[in-house]
Amino acid sequence: MHIHIYLPDGSVREMPHGSTALEVAKSISEGLARVVLAAEVNGEVWDLSRPLPDKASLKLLKWEDDAGKNTFWHSSAHLLAEALEALYPGVKFGIGPPVENGFYYDIDFGDYAFSSLDFEKVENKMLELAQQAYAYERSEVSKADAIAYFEQKGDPYKIELLQDLEDGKITFYRQGNFTDLCRGPHIPDTGRIKAVKLLNTAGAYWRGNEKNKQLTRIYGITFPNSKELKEYLFMLEEAKKRDHRKLGKELELFTFSEKVGMGLPLWLPKGALLREKLENFMRKAQIKAGYQQVVTPHIGSKDLYVTSGHWEKYGKDSFKPILTPHEGEEYLLKPMNCPHHCEIYKSKPRSYRDLPVRLAEFGTVYRYEMSGELHGLTRVRGFTQDDAHLFCRHDQVKEEFKKVIDLVLYTFNALGFTDYTAQISLRDPENREKYIGTDEAWEKAESAIIEAAAEKGLKTVTELGEAAFYGPKLDFMVRDALGRKWQLGTIQVDYNLPERFELEYTGSDNQKYRPVMIHRAPFGSMERFIAVLLEHCGGNFPLWLAPEQVAVLPISEKFKDYTQKVSENLINYDIRSFIDDRDEKIGRKIRDAEVKKVPYMLIIGEKEQENGQVAVRKHGQGDLGVMSIDAFVALINEESNKEINKN
RNA sequence: GCCGUUGUAGCUCAGUGGUAGAGCACUUCCUUGGUAAGGAAGAGGUCGACAGUUCAAUUCUGUUCAACGGCUCCA
């Protein structure tokens with residue numbers, strides 16, 4: 001009796017009945033058998049030790065495959081649990097899944113405060129257990145037996161998990177002395193794990209619910225060899241160097257002050273200049289796209305937000321209302337610009353001929369974020385949105401949506417973002433009562449977004465249940481230096497606010513109609529965008545954005561007058577520069593300008609003065625030779641123009 | 001908000017139950033130097049804040065504030 005196994009290259013292998021994926025690997029080569037971690041059997045990931053069915057399509061998963069890594073890390077989580085059980089008898093186990101970079105296990109340590117000081121001990125224990133090369137053994141158990149096992153062991157979390165599982169589909173995995181409830185699959189044995197590093201600990205609520213007990217989550221990562229671990233740790237160090245909080249301080253872009261308040265960034269001169277450049281870029285693009293700028297106050301009457309529905313839904317996330325001293329009127333620090341813009345729309349009667357009306361504002365908003373949530377510039381309590389609201393007719397929605405996608409892509413392109421994902425967020429079909437608005441309106445909005453994204457050729461992922469309460473949306477997400485995902489640009493359809501504010505326009509038939517509203521912000525917030533941009537370019541801004549474009553470096557004070565002349569020339573051409581006239585050697589001035597990541601340096605000495613030239617040095621590249629001032633100005637202008645207009 | 005870690009000079013960080021340290025930055029002086037750190041001197045700290053223990057606390061204990069790593073949330 002033989003079975004037939006189909007391999008990814010199209011070949012078919014004949015194996016004895018009952019053969020496992022590991023045996024298939026061995027039949028190909030011993031080397032392969034040593035590195036294979038798991039098997040994908042008919043699209044499902046399996047242990048290597050399970051007998052294969054006839055006519056199975058088989059893919060052998062190695063470290064290089066994401067599913068292989070996941071299996072490896074999942075097995076590592078079990079190894080961590082085994083080590084913990086050995087070192088801290090009586091600990092209770094939550095869940096221990098693989099994550100993007102490694103794995104974690106949620107542990108109830110009882111009264112013991114587990115901390116990073118314990119890491120080394122646990123790492124050593126893990127390595128010791130790994131060396132025993134215990135096999136991961138799969139067994140099927142009945143629900144009653146499974147519950148009995150954990151009752152006897154005293155693991156209440158596992159019992160809670162078991163309650164939700166269907167009898168007959170429950171499996172245990174055992175390696176060494178440790179048995180865990182687990183769907184699997186796992187790598188063949190612990191011996192594959194050669195390098196172990198625990199990364200950090202964190203509190204995590206059982207099942208992610210704030211009302212439940214908080215467990216200690218231990219994050220770790222493992223590798224099949226120590227070289228890869230070293231490389232990973234090196235990469236982590238490099239990423240830390242790009243952290244926007246570090247670069248923001250070093251490059252003097254922004255700061256925080258306890259006195260001003262947490263989550264409230266202070267923009268230093270260079271950071272403010274950078275923001276201004278980005279705002280001007282967006283303003284110009286928006287004018288081309290037919291937007292009009294408006295300005296609205298930082299506070300608005302509470303009534304405004306009661307009308308918009310935000311008070312009811314997000315009142316707890318706003319700063320508490322401010323009262324006027326005598327009348328006791330209630331005002332909110334504005335958490336949103338849209339209600340204000342609705343009132344601007346209403347300030348005069350609108351005709352169908354006027355639509356779409358596109359109102360834009362760099363609007364600063366204030367939202368209460370929980371203290372533990374604040375994070376550099378990416379999560380703050382006061383921030384400026386590059387906000388705009390488009391009021392249009394139903395038949396214009398899709399077209400407007402597409403134009404906004406164009407604007408977002410133009411922006412990302414100009415700033416060098418190529419690694420982003422577009423997420424379409426739709427309503428949760430199970431929970432329709434969570435949302436404001438009619439089914440009909442929602443269906444129209446959702447199909448408009450899906451069609452617009454498809455026609456623009458966006459690569460998208462669709463998430464059910466991620467929509468805002470008032471409408472579906474399209475978000476653009478990018479990753480920061482440490483791999484964390486951040487939402488930047490957003491486009492949202494809103495059929496709700498026009499209703500609540502009773503917005504109208506007069507149609508060609510002289511009847512009144514409701515416009516549709518589109519909220520959109522290509523940057524999202526200036527703060528978050530700059531944070532991500534800073535990490536993206538590692539502080540080496542494109543020339544057109546660099547707060548300081550040119551450092552003018554005289555070799556000695558003898559060339560003071562000529563240096564001054566060069567500087568005036570640059571100012572005349574709107575090139576941002578500064579003179580370093582300290583009593584230092586030229587090598588020192590160059591070093592300091594390089595560290596500050598100034599794109600260009602001009603070295604001014606006797607030769608340059610005599611010939612009316614400048615010696616040009618480019619950041620990160622070195623000496624470009626001498627040229628006339630005019631030639632340098634042309635070089636700068638050409639480079640900036642090329643950067644902005646690369647679309 | 002919750003759990004854990006951290007808090008010493010402008011920055012990066014040593015250190016101690018008995019009057020506080022380094023490097024860089026800063027100030028002054030010397031140096032006038034050609035493509036990534038010239039030399040010397042000086043100034044700078046209520047050791048996050050508030051209590052407690054102690055003859056004595058920056059050090060030990062408690063509380064609090066903030067930052068960091070997560071959880072939860074994100075119009």
Side-chain angles (χ1 to χ4, degrees), chain A residues 104 106 109 113-118 199-219 240 243 245-246 249-250 252 255-259 261-263 305 308-318 334-339 365 367-376 378-379 385 387 436 466-471 473 475 482 484 486-487 490 492 494 496-497 519 521 553-560 583-596 601-608 615-626:
Chain A
Y104 66 80
D106 284 345
F109 279 97
F114 184 86
S115 77
S116 54
L117 299 172
D118 299 291
L199 298 167
N200 52 43
T201 62
Y205 300 107
W206 170 238
R207 303 197 128 182
N209 187 334
E210 233 177 310
K211 295 191 179 74
N212 287 341
K213 178 158 185 183
Q214 192 155 33
L215 308 178
T216 303
R217 177 167 297 179
I218 303 173
Y219 283 90
K240 274 186 198 159
D243 191 312
R245 292 165 298 185
K246 183 176 154 70
K249 189 183 270 185
E250 285 170 2
E252 298 182 347
T255 189
F256 290 88
S257 148
E258 282 188 30
K259 266 228 162 72
M262 57 168 118
Y305 298 99
S308 71
H310 291 113
W311 175 251
E312 188 196 342
K313 191 90 181 169
Y314 292 105
K316 62 181 184 339
D317 298 318
S318 298
K334 78 171 165 189
M336 299 282 291
N337 301 303
C338 32
V365 296
R367 297 175 186 179
Y368 168 72
E369 299 281 356
M370 289 193 290
S371 57
E373 274 313 319
L374 302 171
H375 181 94
T378 50
R379 200 68 189 269
Q385 298 175 309
D387 209 359
I436 295 174
E466 289 293 308
F469 77 93
Y470 53 73
K473 58 183 182 174
D475 291 325
L482 296 166
R484 287 180 283 221
W486 296 102
Q487 180 204 309
T490 180
Q492 316 184 344
D494 187 348
N496 173 53
L497 278 186
H519 310 244
L553 313 177
I555 285 177
S556 88
E557 67 185 73
K558 284 192 281 193
F559 317 111
K560 195 175 166 191
D583 235 358
E584 293 290 349
K585 290 191 174 179
I586 194 65
R588 175 54 179 274
K589 294 182 185 182
I590 287 169
R591 185 191 141 76
D592 288 349
E594 288 282 356
V595 169
K596 282 163 74 181
M601 286 149 270
L602 297 182
I603 287 89
I604 310 287
E606 191 160 2
K607 280 182 285 182
E608 289 73 22
V616 181
R617 183 189 164 99
K618 191 165 185 176
H619 168 60
Q621 287 185 24
D623 198 353
L624 297 188
V626 291

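With both ends at atom P, the span from B:U35 to B:C29 equals 28 Å, rounded to whole Å. A gap of 15 Å separates the C1' atoms of B:G38 and B:G34, to the nearest Å. Rounded to whole Å, the separation between the C1' atoms of B:U46 and B:A51 comes to 16 Å. One C1' atom belongs to B:A67, the other to B:C11, and the distance between them is 16 Å to the nearest Å. Across B:U63 and B:C74, the matching P atoms stand 32 Å from one another, rounded to whole Å. For the P atoms, the distance from B:G44 to B:G18 is 24 Å, rounded to whole Å. Between B:A9 and B:U5, the two P atoms lie 22 Å apart (nearest whole Å). B:A14 and B:G48: their P atoms are spaced 14 Å apart (whole Å).
Nearest to the side chain of A:Arg245, among B:A75, B:G69, B:G70, sits B:G69. If you check B:A66, B:A75, B:G69 against the side chain of A:Met336, the one that comes closest is B:A75. Of the candidates B:C73, B:A67, B:G70, the closest approach to any side-chain atom of A:Glu369 belongs to B:C73.
Side-chain atoms of A:Glu373 stay outside donor-acceptor range of the base of B:C2, with no qualifying N/O pair under 3.5 Å. For B:C73, its base sits under 3.5 Å from the side chain of A:Arg379 at one donor and acceptor pair at least. For B:C65, its base never sits under 3.5 Å from the side chain of A:Glu258 at any donor and acceptor pair. Remark: the A:Tyr205 side chain and the B:G70 base include no donor-acceptor N/O pair separated by less than 3.5 Å.
Across all strands, A:Met370 comes closer than 4.0 Å to base atoms (heavy-atom distances). Using a 4.0 Å heavy-atom distance criterion, A:Tyr219 is classed as a sugar-phosphate-only contact. Nucleic acid contact for A:Lys473: sugar-phosphate only, since backbone atoms but no base atoms lie under 4.0 Å from a heavy atom of the residue. Across all strands shown, A:Tyr104 has no heavy atoms under 4.0 Å from either base or sugar-phosphate atoms.
Taking a 6.0 Å sphere around CD of A:Glu312, one finds it holds 12 or fewer heavy atoms contributed by other residues, nucleotides or ligands.
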Which string of ( ) [ ] | and . matches RNA chain B, if you list each base 5' to 3' and count Watson-Crick or G-U pairs only when both distances are under 3.5 Å?
(((((((..((((....[..)))).(((((.......))))).....(((((..]....))))))))))))....
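Taking 4.0 angstrom as the limit, A:His375 places a side-chain polar atom (N or O) nearer than this to OP1 or OP2 of B:G69. Between A:Lys213 and B:C3 there is no side-chain N or O to OP1 or OP2 distance below 4.0 Å.
Looking only at side-chain heavy atoms (C-beta outward), A:Met601 and A:Ile590 come within less than 4.5 Å of each other.
Between the side chains of A:Glu373 and A:Ser371, no donor N or O sits under 3.5 Å from an acceptor N or O.
Toward the 5′ end of RNA chain B lies the nearest nucleotide of A:Gln214, the other residue of the pair A:Gly263 and A:Gln214 mapping further downstream. With RNA chain B read from its 5' end, the first of the two nearest nucleotides for A:Met262 and A:Thr216 is the one closest to A:Thr216.
When atom types are taken as modelled, the side chain of A:Lys589 and the backbone of A:Pro554 share a donor-acceptor pair closer than 3.5 angstrom.
Salt bridge A:Arg617/A:Glu594: present, at least one basic N to carboxylate O contact under 4.0 Å.
Closest of all the heavy-atom pairs between A:Asp494 and A:Leu497 is OD1-N, 3.0 Å.
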How would nucleotides 32-42 of chain B be written as a contact map, 5' to 3', with B for base contact, S for sugar-phosphate-only contact and - for no contact, using protein heavy atoms under 4.0 Å?
BBBBBBB----
